[in-house]
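The next block holds one structure in the form of structure tokens; read it before the comments.
Quantities reported herein were computed from a predicted structural model and do not represent experimental measurements.
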Amino acid sequence: MDAPFEVVVGRIETLDVDAVVNAANRQLAPGSGVDGALRAAAGPELTAHTARLPSIDVGEAVITPGFKLPARFVIHVAAPIWIAPGPEGEKVAGLAKCYMSAIKMAGSRKFKSIAFPALGTGNFGWPRGFACAIAIASCERALENARGLQRVVFCCFTEDDAALYRAGLADNKDKTN
């Protein structure tokens with residue numbers, strides 16, 4: 001399948017897409033990194049809104065308005081913490097579920113575009129290359145049931161991260177040809 005992937009180096013809170021994905025904590029409480037950047041750009045309404053929502057499980061997705069963001073919506077997912085004790089296989093499945101849940105939610109709402117940060121690679125300690133491979137594979141699988149999505153952006157904070165995504169996408173394309 002020719003997936004509609006795009007890799008950009010930039011700040012996710014500046015992207016004009018239907019939905020950006022937030023690397024949230026399970027309590028949906030204000031955090032740092034991507035979460036902090038999105039909340040700062042969206043304005044206090046985002047935090048007021050998430051304060052009324054129940055906690056989410058690892059891999060679960062909830063949606064909120066984007067408020068002052070260019071993106072119309074924010075899809076919040078809670079990634080597993082790589083550096084925490086626990087079975088590696090469960091963590092891998094949890095991270096994959098984050099991407100799949102977000103795409104399923106976007107597809108069910110007929111969104112055309114979605115942008116992901118490198119989920120879990122900040123404070124949650126996921127090795128960047130490993131997390132990238134999980135992201136690409138999970139998104140490809142989820143897109144089979146969300147064919148309306150025309151643009152899936154991997155928004156990378158650094159050029160080094162973007163290189164991982166470009167290489168991973170090129171490898172996957174080579175394997176399907």
Side-chain angles (χ1 to χ4, degrees), residues 5-84 91-126 128 131-132 134-136 138-139 142-143 146 149 151-158 161-162 164-165:
F5 294 123
E6 181 180 331
V7 178
V8 300
V9 177
R11 299 192 56 93
I12 197 163
E13 72 272 19
T14 67
L15 298 182
D16 186 5
V17 291
D18 290 322
V20 292
V21 178
N22 182 22
N25 54 55
R26 293 189 56 225
Q27 296 75 30
L28 300 173
S32 59
V34 169
D35 184 76
L38 287 171
R39 287 175 189 275
E45 298 88 354
L46 180 56
T47 297
H49 192 91
T50 58
R52 296 189 301 269
L53 297 175
S55 294
I56 59 175
D57 289 329
V58 167
E60 187 178 349
V62 296
I63 192 166
T64 64
F67 298 101
K68 295 177 185 168
L69 291 168
R72 295 181 337 182
F73 295 94
V74 179
I75 298 174
H76 307 263
V77 296
I81 301 172
W82 179 255
I83 54 178
K91 294 176 189 179
V92 170
L95 186 61
K97 187 176 177 187
C98 288
Y99 287 96
M100 295 177 78
S101 295
I103 286 181
K104 181 179 180 182
M105 182 168 284
S108 72
R109 287 171 168 71
K110 310 286 190 247
F111 292 172
K112 302 283 186 220
S113 57
I114 187 170
F116 289 95
L119 294 172
T121 62
N123 292 336
F124 286 12
W126 279 80
R128 292 180 188 288
C132 170
I134 294 167
I136 292 168
S138 302
C139 287
L143 281 170
L149 272 172
R151 185 175 175 221
V152 177
V153 179
F154 293 116
C155 184
C156 301
F157 195 62
T158 68
D161 288 343
L164 291 172
Y165 281 88

Do F124 and L95 have side chains that approach each other closer than 4.5 Å (heavy atoms only, starting at C-beta)?
no
Student check: side-chain heavy atoms of V153 and S113 closer than 4.5 Å
no
- Polar side-chain atom of W126 near backbone of C132 as donor-acceptor pair, under 3.5 Å: no
Task: Side-chain heavy-atom pair E13, V20 within 4.5 angstrom cut-off - done: no
Note: I83 and G125 closest approach over all heavy atoms is CG2-CA, 3.9 Å
Practice prompt. Decide yes or no on side chain to side chain contact (heavy atoms under 4.5 Å, CB included) for F111 and V17, but give the supporting numbers first.
Written response: CA-CA 9 Å; F111 292 172; V17 291; over 6 Å; no
Treating T47 as the side-chain partner and P44 as the backbone partner, does any N or O pair qualify as donor plus acceptor under 3.5 Å?
no
Kindly indicate whether the side chain of R109, heavy atoms from C-beta on, has any atom under 4.5 Å from the side chain of D18.
-> no
Would you check if F67 and H49 make a side-chain contact, meaning some heavy-atom pair closer than 4.5 Å? yes
query = Can you tell me if D35 uses its side chain to pair, donor with acceptor, with the backbone of A24 under 3.5 Å?
reply = no
Polar side-chain atom of S101 near backbone of C98 as donor-acceptor pair, under 3.5 Å: no
Report task. Give a yes or no on this: more than 12 heavy atoms of other residues, nucleotides or ligands lie within 6.0 Å of atom CG of N25. Result -> yes
Exercise for review: Side-chain contact test, heavy atoms from C-beta onward, threshold under 4.5 Å: evaluate it for F157 versus V34 and give yes or no.
Suggested key: no
From the list E45, H76, R52, side chain to side chain donor-acceptor pair (under 3.5 Å) with T64 holds only for H76
### Task
Just say parallel, tilted or perpendicular for the rings of Y99 and F116, cut-offs at 30° and 60°.
tilted
Requested in this report: Would you mind reporting whether V21 and P117 have side-chain heavy atoms less than 4.5 Å apart?
Outcome: yes
N/O donor to acceptor pairs below 3.5 angstrom from side-chain atoms of residues 54-62, sequence neighbours left out:
{"unit_1": "D57", "atom_1": "OD1", "unit_2": "R26", "atom_2": "NH2", "d": "3.1"}
{"unit_1": "E60", "atom_1": "OE1", "unit_2": "D57", "atom_2": "N", "d": "2.9"}

